[in-house]
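First comes the structure, then the notes that go with it.
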Amino acid sequence: MIPLVDYLLLSAVLFAIGVYGLVTKKNAMRLVFSVELMINAANINFVAFNRYLFQDALGETIVLFSIALAAAEAAVILAIVVVAYRIHDDVNVSELKNLEG
Amino acid sequence: MVDLSDITFYVMIVVVIGGAVAALESKEIIYGAIGLAFSFLGVAALFFLLDAPFVAVFQITVYIGAVAVLILFTVMLVREGRWMHDSPGRTGKLAGVLTAAALALSLILAFLASKQLNSSEQSLPNGFNLVYIGQLISGPEAPILEVLALVLAASILGAVMLAKVDREDKP
């Protein structure tokens with residue numbers, strides 16, 4: 001039987017990898033990857049807490065909602081990336097400064 | 001005395017972390033997208049290990065079936081030779097590693113120091129709880145489901161409107 005802490009440690013490492021990608025990468029697609037990794041880390045935490053500390057299935061229900069929200073968010077972000085590529089011929093986020101004051 | 005589920009857990013740790021690192025550090029970004037899909041698959045296996053088969057299958061359907069394929073298509077649409085070298089420089093990379101390491105270290109120390117998380121009297125017997133999920137979704141959490149349906153519809157409409165190609169110059 002794997003203890004709860006192992007799942008939490010794994011999700012902490014996964015979240016830190018996502019933060020590393022968000023800080024260092026300039027490519028918009030890599031930023032999307034990082035955000036998805038961080039969402040997955042949070043979902044692991046929800047299901048692990050639900051499995052080990054509670055009897056009902058509220059955590060799993062929240063994860064279902066979270067997965068659906070992440071799918072909607074990915075669709076919008078990828079549409080924005082496609083539009084930015086069509087306008088700028090590039091997806092480097094330090095080149096996209098149309099909204100900069 | 002090594003259980004089969006323990007072996008599966010440690011193999012899936014390798015798959016999840018390795019897929020995540022490959023997603024961020026691969027040379028070709030399309031290999032990164034495939035690594036991300038492997039990471040999603042490892043997380044789904046973790047959900048199976050956590051006695052949440054419905055969530056695991058939902059994860060496979062939505063993440064690997066929809067999100068990973070969508071990301072692959074977008075990568076193919078916007079791929080170009082010159083955007084591979086997005087190296088942040090040594091200072092930026094050091095800052096990223098330091099930030100991530102500090103965050104991971106503080107989280108891990110907090111988890112290891114917590115008394116309740118490390119107590120041995122956890123692991124409740126938690127059977128097949130698909131019925132609970134159904135009761136929750138159709139009962140107390142039904143408003144969230146309705147709002148989520150609206151959000152999904154709005155985001156898909158917005159994505160289609162954003163990515164639509166204007167053809168005004170053609171008859």
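Lettering of chains follows the sequences in order, A, B, ..., and the numbering in each one begins at 1. The figures here come from the full heavy-atom set of this structure, side chains too, leaving out hydrogens, waters and symmetry mates. This structure is a prediction, so every number in the text was calculated from the model and none was measured.
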Contact leader toward chain A among B:L148, B:L145, B:V21, B:L152, where contacts are heavy-atom pairs under 4.5 Å: B:L148
Go through A:V81, A:V63, A:V32, A:L69 and name the one with the most non-hydrogen pairs under 4.5 angstrom from chain B. A:L69
Indicate yes or no: at least one non-hydrogen side-chain atom of B:F73 is less than 4.5 angstrom from one of A:L78. no
Report which part of A:F49 has an atom under 4.5 Å of a heavy atom belonging to chain B: side chain, backbone, both, or neither. side chain
Interatomic distance, B:L50 atom CG to A:F46 atom CZ [nearest 0.5 angstrom]: 14.0 Å
For the residue pair B:E141 and A:I62, establish whether any side-chain heavy-atom pair is separated by less than 4.5 Å. no
So B:Y132 and A:T61, side chain to side chain contact (heavy atoms under 4.5 Å, CB included) or not? Walk me through it. CA-CA 9 Å; B:Y132 291 140; A:T61 314; over 6 Å; no
Nearest heavy-atom approach of A:E60 to B:D51 is OE2-O, 3.9 Å
For residues A:I39 and B:Y63, determine if any side-chain heavy atom of one lies less than 4.5 Å from a side-chain heavy atom of the other. yes
Per-residue tally against chain A (heavy atom, under 4.5 Å) across B:I156, B:V160, B:I144 peaks at B:I144
Can you confirm whether A:F65 is buried at CZ, in the sense that more than 12 heavy atoms of other residues, nucleotides or ligands lie under 6.0 Å from that atom? yes
Please look at B:L70 and chain A and tell me whether the side chain, the backbone, both or neither of the residue comes under 4.5 angstrom of a heavy atom of that chain. both
Closest contact, heavy atoms only, A:A72 versus B:S155: CB-OG, 3.2 Å
I need the residue from A:V76, A:L9, A:D6, A:L64 with the largest number of non-hydrogen atom pairs under 4.5 Å to chain B. A:L64
Under 3.5 Å, side chain of A:R86 to main-chain N/O of B:A163, donor-acceptor pair present? yes
Do you know which of B:T99, B:I13, B:L112, B:I71 has the most heavy-atom pairs under 4.5 Å to chain A? B:I71
Ion pair check, B:E25 and A:R30, cut-off under 4.0 Å: no
Work out which heavy atom in B:A100 is nearest to a heavy atom in A:Y20; give both atom names and the distance. CB-CB, 3.7 Å
CZ/B:F111 to CG/A:L8 distance, rounded to the nearest 0.5 angstrom? 4.5 Å
B:A52 portion near chain A, given a 4.5 angstrom heavy-atom threshold: both
B:V62 portion near chain A, given a 4.5 angstrom heavy-atom threshold: side chain
So which atom in A:L14 and which in B:A20 form the shortest heavy-atom distance, rounded to 0.1 Å? CD1-CB, 3.7 Å
Looking at side-chain heavy atoms only, is the closest gap between B:T74 and A:Y85 below 4.5 Å? no
Name the member of A:V19, A:L37, A:V82 that forms the most heavy-atom pairs with chain B at distances under 4.5 Å. A:L37
With chain A, which of B:G158, B:S39, B:A66, B:G32 has the greatest number of heavy-atom pairs at distances under 4.5 Å? B:G32
A:I77 versus chain B, the contacting section by heavy-atom distance below 4.5 Å: neither
Need one label for B:A33: side chain, backbone, both or neither, based on atoms under 4.5 Å from any heavy atom in chain A. both
CZ of B:F40 to CG of A:N43: how many Å apart, nearest 0.5 Å? 10.0 Å
Contact class of B:I108 relative to chain A, heavy atoms under 4.5 angstrom: both
Can you tell which part of B:L105 gets under 4.5 Å to a heavy atom of chain A, answering side chain, backbone, both or neither? neither
For chain A, which candidate among B:I17, B:L107, B:L77, B:L46 shows the most heavy-atom pairs at distances under 4.5 Å? B:I17
Atom group of B:L162 that falls short of 4.5 Å from chain A, counting heavy atoms: both
Sort out for me which of B:A104, B:S106, B:A23 touches chain A most, counting heavy-atom pairs under 4.5 Å. B:A23
Among the listed options A:I80, A:I67, A:V83, the residue most often paired with chain B at heavy-atom distances under 4.5 Å: A:I67
Any luck finding a side-chain donor-acceptor pair between B:Q59 and A:N40 under 3.5 Å? yes
Name the region of B:T61, side chain, backbone, both or neither, that has any atom closer than 4.5 Å to a heavy atom of chain A. neither
Given a strict heavy-atom distance threshold of 4.5 Å, which part of A:V47 is in contact with chain B: side chain, backbone, both, or neither? both
Could you look at B:L103 and say if it's the side chain, the backbone, both or neither that has a heavy atom under 4.5 Å from chain A? side chain
